[in-house]
Peer 1: 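If you scroll down you'll find the structure; I have some questions about it.
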Amino acid sequence: MAILNMSEAPTQPDASPGVREFLRDLTEPQREAVTHTDGALLLLAGAGSGKTRVITRRAAHLATTVTRPWHVLAITFTNKAANEMKERIVALSPGDDMTVCTFHSLCARLLRIHHDAAGLPPNFTIVDQSDRRKLIKQAVERLELAVDNWRRAAETGISRAKNAMETPAEMADAAGFQEKTIARIYAAYEEILAENAGLDFDDLLFKMALLLQSNEEVRAKLGDRFRYVMIDEYQDTNAAQYRIANLIARDHGNIMVTGDPDQSIYSWRGADITNILSFEHDYPNVKTVRLEQNYRSTKRILSVAGAVIAENIGRKDKTLWTENDEGTPVRVLTCSDARSEAEAIVKDIESLVVQGRRPGDFAIFYRINAMSRVLEESLFSAGISYRIARGTAFYARKEIKDILGYLRVMVNPADTVALERIINTPPRGIGKTTINTLKAFAERQGCTLLTAVMRYDECGLGKRAVNSLKAFTDLLQTLQLLAGGSTRHAIDQALSLSGMLAQLGEQQEANPEPLANANELVNAAEEYDTANPEATLLDWLTFTSLLGDEDIIEGDSGTVTLMTLHAAKGLEFPCVYIIGLERGLVPLVRDVLSIDEEEEERRLFFVGMTRAMQRLTITHALWRMVRGVTQRATRSVFLDELPDDEIEWDDRCGVGSNGSRSAHGEHLREDLHLWEVGTLVRHPDHGIGQVMSMGRRAGRMQVIVRFEDGRERPWMLEFASDLERVDFDDVG
DNA sequence: GTCAGCCAAATTTTT
DNA sequence: TTTGGCTGAC
């Protein structure tokens, strides 16, 4: 491995005006990272420590004074991060020959170029999450397993396997019926993907890693092309991504990774925190730079967040500090229920707005999306405008996917998912029966569905179906002629010739959105054509299928922002509220919570807290409605980890946050005490059972009891006279 | 081919 | 409570 590890870099940091520019306004550790050139570099960058600044400066420095721009590769996780980074780099060093992109788009691009070596068709389709879902369902059906039982497990299991670079065969070696069955579904799913010439998101990484691993020529070539590799958010990389980076950098060893293990919150998507924790071990002679000065938050916020994260065992020790003000104390609000929690926040916001804050200064974070509803209602009735950072991705909208379906079929005739999507969109008399006949024909002949469609007169279909299919194949053939032209033109034609435009126009009055979206798509294509004159229809499809949500999550847009704790990563707001610090919710528990999971939840809480610049308010309620049942809630263990003397405890219920009394009245306490969770009961018909939960439903008390037969039964408390409390000793 | 009505399920979701 | 997916009836 090439090791030339210098802070006194051969580039003479202060020699040229350009270099001096790159180092302006940087602290010592930041400079060290920027001027590091050859060899491995680990940049442990705490929250709000100016990480992006360092990355962009270093990239510009490398591109202008150390090597040529096209030898630099900067990888991010999101398109948004990639775009931002690219912009900032270009501002420092003109020219856009540098590769700044996401892992997925890098892999998509490279796999297209090296499709032969990777054993892939050149025109593969990238299947998105909802297509993937359909295909996995098909795989389950093909094995004649129950979709309801296996779909979910297969979806997570297959993704997990691909992220860990496990093939179906390797997975089948695993012990256990469950795993073995998922491995079979995985194998069937791979078959179906191949039939469709499709790759899912996980495949982009997995296949790329396999290619680099098995093809020395390609690996060496890419290593030579990308002589300086930089990876952001390295704590979120999975096994495949680790492998890709490792193999590209193998010859030169010039790999810089940045990240913060304390902000690793995506292990459930395959991210492996050990990638960053063992980076120093994996890359000898690594230089490590820590950025611990925080420019975002007040001293008090940092100290509170720091106390919580310090509870995690086995983390790299790191203490954020700041020269910012002491600030106002962090507050913990105890509320009676979600409604009063929301109203307390609304009042707080209102009074701060009177003092000159703007609505855009506020953000409210919660653990699960369902918790936004009560907040929305309160904000709405208070007349405060808000937005939720969770838009459906533009490219996931039905009308958009329909249009893209036409283009996908034009480009990839094997894309059966797309074909099924458009074959009767808009309705043209090709219904379920006809499609099933075509499918059966395709299966008998071992051909694609499109081929079957083209051979409609051999399928033994009725006259009406044949006529419809004739019109449809004519349409496809007309469109086919456009595949080589501009994207904009192809979309225009697909829209009008398919009849979609007419259909959208008709329903415009009822719902103008779809037509507007379609037009928006045409505009986007036009823009793309202009910006990339060389690009093909296939390129555009690749580009769009890798775009996520619209990046609406901008810092300040004049409204209060609501989002999940996960969505908050990377953002900052002057005033932050984190709600629902209750047992089972933060940390979120399904059945049992392992230590690792608890630590990840703690990191999630930490991420939330460190978004706050000036004011941080944490809330919890004594009652919370979960799935239609109002249940008693207990404070989160994380609240106990807050440094008591630095917190302003604000108990709106006047009973202490552990109190059992509630705003709902004294009588509830009596009832609830009798029916504590875990209490054993006996019923004349159902035998012995155990109280699983209790709460209020439709204003009345309810307990849920699980009986020996494994069934759970709810009881309205006032009718629960058949339930008799028994002691443990009585039942053994 | 469409639509109402029923049942089951319910974290988080960078691509 | 809310949502999505599926089924069976027009």
Side-chain angles (χ1 to χ4, degrees), chain A residues 75-82 101-108 126-130 132-134 137 147-149 151-152 155-156 159 162-163 199-206 232-233 235-238 240-241 263-271 338 365-374 389-393 395-396 424-435 468 542-549 551 553 563-571 580 584-591 593 597 600-601 603-605 607-608 624-631 695-698:
Chain A
I75 308 177
T76 63
F77 273 81
T78 66
N79 292 302
K80 187 179 166 216
C101 63
T102 65
F103 262 109
H104 292 266
S105 67
L106 175 74
C107 294
I126 299 169
V127 308
D128 67 20
Q129 290 301 60
S130 70
R132 172 176 183 270
R133 210 146 175 255
K134 285 181 197 149
K137 188 181 166 216
V147 173
D148 287 347
N149 295 343
R151 180 181 350 216
R152 170 170 309 278
E155 280 174 15
T156 54
S159 187
K162 286 188 178 180
N163 288 159
L199 293 191
D200 66 21
F201 289 145
D202 297 327
D203 280 333
L204 293 173
L205 306 174
F206 187 14
D232 193 19
E233 305 283 14
Q235 77 281 354
D236 290 333
T237 50
N238 60 33
Q241 288 160 328
Q263 296 186 64
S264 164
I265 55 174
Y266 281 108
S267 75
W268 50 277
R269 296 203 60 182
F365 304 151
Y366 36 80
R367 181 61 237 264
I368 56 175
N369 286 124
M371 293 170 73
S372 72
R373 219 191 81 234
V374 182
R390 184 224 320 151
T392 334
Y395 289 93
N424 202 32
T425 308
R428 52 170 70 88
I430 307 175
K432 246 179 281 180
T433 326
T434 311
I435 294 174
S468 305
T542 306
F543 168 73
T544 54
S545 52
L546 293 174
L547 284 182
D549 291 359
D551 291 322
I553 317 179
M563 67 181 89
T564 63
L565 283 162
H566 281 91
K569 196 173 85 163
L571 305 174
L585 200 53
V586 183
L588 188 66
V589 185
R590 216 164 155 59
D591 21 60
L593 189 69
E597 286 165 340
E600 179 148 320
E601 294 282 324
R603 292 193 291 268
L604 188 57
F605 184 37
V607 165
R624 190 164 305 268
M625 183 156 76
V626 184
R627 294 187 208 153
V629 182
T630 303
Q631 291 190 320
R696 298 189 320 141
R697 190 181 183 109

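Keep in mind it's a predicted model, so treat the numbers as computed, not measured. Chain naming here is simple, since letters A, B, ... match the order of the sequence lines and numbering starts at 1 in each.
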Peer 1: Reckon A/Asn238 has a side-chain N or O less than 4.0 Å from the OP1 or OP2 of B/dT14?
Peer 2: no

Peer 1: Mapping A/Thr102 and A/Leu604 to their closest nucleotides on DNA chain B, which lands nearer the 5' end?
Peer 2: A/Leu604

Peer 1: Tell me whether the ring of A/Tyr266 lies stacked over the B/dT12 base, given a 5.5 Å limit on centroids and a 30° limit on the plane angle.
Peer 2: no

Peer 1: Check every strand shown and say whether A/Gln129 touches a base, only sugar-phosphate, or nothing at a heavy-atom separation below 4.0 Å.
Peer 2: base

Peer 1: Which pairs, protein N/O on one side and nucleotides 6-10 of chain C N/O on the other, fall under 3.5 Å?
Peer 2:
residue: C/dC6; atom: OP1; partner: A/Lys137; partner atom: NZ; Å: 3.1

Peer 1: Measure from CZ on A/Phe77 to P on B/dT12 and round the result to the nearest Å.
Peer 2: 21 Å

Peer 1: What distance do A/Arg624 atom CZ and A/Gln631 atom CD have between them, rounded to the nearest 0.5 Å?
Peer 2: 11.5 Å

Peer 1: Is there, by distance only and without an angle test, a donor paired with an acceptor across the side chain of A/Arg627 and the base of C/dT1 below 3.5 Å?
Peer 2: no

Peer 1: Taking donor-acceptor contacts at under 3.5 Å, does the side chain of A/Arg269 reach the base of B/dT15?
Peer 2: yes

Peer 1: Taking only residues two or more places apart in sequence, or in another chain, which ones meet A/Arg133 in a side-chain contact (heavy atoms from CB on, under 4.5 Å)?
Peer 2: A/Arg151, A/Glu155

Peer 1: Mind checking what makes side-chain contact (heavy atoms from CB on, under 4.5 Å) contact with A/Phe201, not counting sequence neighbours?
Peer 2: A/His104, A/Ile126, A/Asp128, A/Gln129, A/Leu204, A/Leu546

Peer 1: If only atom types and distance count, is the side chain of A/Arg603 paired as donor or acceptor with the main-chain N or O of A/Ser264 below 3.5 Å?
Peer 2: yes

